[in-house]
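Throughout, protein chains are lettered first and strands after them, A, B, ... in sequence-line order, and every chain is numbered starting at 1. Note: hydrogens, waters and symmetry copies are ignored here, and every other heavy atom, side chains too, is used.
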There are 2 protein chains.
Amino acid sequence: MSRLYKDGFDKECIKEHREEVYGIAYTQNILSGRWKYIILWYLKTKERRYSEIKAFLWDIPQGSLTKQLRELERDGLINRKVYPEVPPRVDYSLTSKGKEFIPIINLMEEFGKKFGEQFGEQVD
Amino acid sequence: MSRLYKDGFDKECIKEHREEVYGIAYTQNILSGRWKYIILWYLKTKERRYSEIKAFLWDIPQGSLTKQLRELERDGLINRKVYPEVPPRVDYSLTSKGKEFIPIINLMEEFGKKFGEQFGEQVD
DNA sequence: CGGTATCCGACCGGATACTG
DNA sequence: CAGTATCCGGTCGGATACCG
């Protein structure tokens, strides 16, 4: 599965802090993936078509994109809406759960903007 | 290096949103690693010894732990303070940059606590 | 105590080809 | 258009053994 880090944490080691640690592990786990944060960021403002996302991420292989989208869907962060048309059309959007993740995305964006270009040591 | 996802984003594809996307990619990148979030969470309240962290994470292999700590240090999120004693003693603590990451940790903890136990579909 | 060094297996992202 | 199927190579985490 690799769905949860539960295995490693379900022991006595983390006893009293189990809930907090498990929470973080869970969040990190469902967001692990090369493009997940970017995809969520892109869906943050509005619904997008598959082709839009693909174009936005430019040269991402279709296989990779589909995989990431499927995982996000599986973990309940995005909705997948299929229109039975020809040619087919699929829209992706954040679920309510996904929307609750937006504040995190925003903070990560801020953090990255602030520190992303600093390559020198910066050790307090 | 794998230090940055820059390669994939430095193209025209993301032109106007380059800064935002790059920020998120940067943040995700320096936090990628099986134990990083947990370690930061554990250091959030106070300085910790190597052996403390190791004990907290219980059965993490030393090699893995050291590697994660080195990467966090390299990326300027934690300080490594060595006491020239026998036996040796090493303390880890958050840098100012690392401390700015605390809000994100807190949100991820909240998010995980809220959704971590829901395994049923929950698609909005 | 707090590491290095080394090896290995699993997983994941990426590429390519094909399809409804 | 929006996938699926398949393969491959790199990377990372984990395990084990040794060191200052």
Checking the side chain of [X] only, and the main-chain atoms of [Y] only, is there a donor and an acceptor separated by less than 3.5 Å?
X: A:K44; Y: A:L40; answer: no
X: B:K113; Y: A:E20; answer: no
X: A:Q62; Y: A:K54; answer: no
X: B:K67; Y: B:G63; answer: no

Picking from [options], which would you name as closest to the side chain of [X]?
X: A:P87; options: C:dT4, D:dA2, D:dC1; value: D:dC1
X: B:S64; options: D:dA2, C:dC1, D:dG14; value: D:dG14
X: B:R49; options: D:dA2, D:dG3, C:dC1; value: C:dC1
X: A:W35; options: D:dT4, C:dG3, C:dG14; value: C:dG14
X: A:V90; options: D:dC12, C:dG2, D:dG3; value: D:dG3
X: B:K67; options: D:dC12, C:dT4, D:dA2; value: D:dC12
X: A:P61; options: C:dG2, D:dG13, C:dA15; value: C:dA15

Identify whether any heavy atom of [X] sits under 4.0 Å from a base atom; if not, whether one sits that close to sugar-phosphate; answer base, sugar-phosphate or nothing.
X: B:Q68; answer: sugar-phosphate
X: A:Y83; answer: nothing
X: A:S51; answer: sugar-phosphate

Rounding to an integer number of Å, can you tell me how far [X] [atom1] sits from [N] [atom2]?
X: A:L65; N: C:dG13; atom1: CG; atom2: C1'; answer: 12 Å
X: A:E85; N: D:dA2; atom1: CD; atom2: P; answer: 10 Å
X: A:L69; N: C:dG14; atom1: CG; atom2: P; answer: 13 Å
X: B:Y50; N: C:dG3; atom1: OH; atom2: C1'; answer: 6 Å
X: A:I60; N: C:dC12; atom1: CD1; atom2: P; answer: 15 Å
X: A:E71; N: D:dG3; atom1: CD; atom2: P; answer: 15 Å
X: A:I53; N: D:dG3; atom1: CD1; atom2: C1'; answer: 13 Å
X: B:I78; N: C:dG2; atom1: CD1; atom2: C1'; answer: 14 Å

Below 4.0 angstrom from OP1 or OP2 of [N], is there any side-chain N or O of [X]?
X: B:R70; N: C:dT4; result: yes
X: A:R34; N: D:dT11; result: no
X: B:Y92; N: C:dG2; result: no

Side-chain heavy atoms of A:T66 within contact of A:Y50, under 4.5 Å: yes
A:I53 side chain near A:L69 side chain, heavy-atom distance below 4.5 Å: yes
Between its two end axes (five pairs each) the helix from C:dC1-D:dG20 to C:dG20-D:dC1 turns, nearest 10 degrees, through 50°
Could you tell me how the ring of A:F111 sits relative to the ring of B:Y26: parallel (under 30°), tilted (30 to 60°) or perpendicular (over 60°)? parallel
I want to confirm an ordering. Mapping A:P88 and A:G63 to their closest nucleotides on DNA chain D, which one lands closer to the 5' end? A:P88
Could you pick out which residue, B:Q62 or A:E52, lies toward the 5' side of DNA chain D when each is mapped onto its nearest nucleotide? A:E52
Please tabulate, for the side chains in residues 82-94 of chain A, all donor-acceptor contacts under 3.5 angstrom to protein atoms that are two or more places apart in sequence or on a different chain.
residue, atom, partner, partner atom, Å
A:R89, NH2, A:D91, OD2, 3.4
A:Y92, OH, A:R80, NE, 3.3

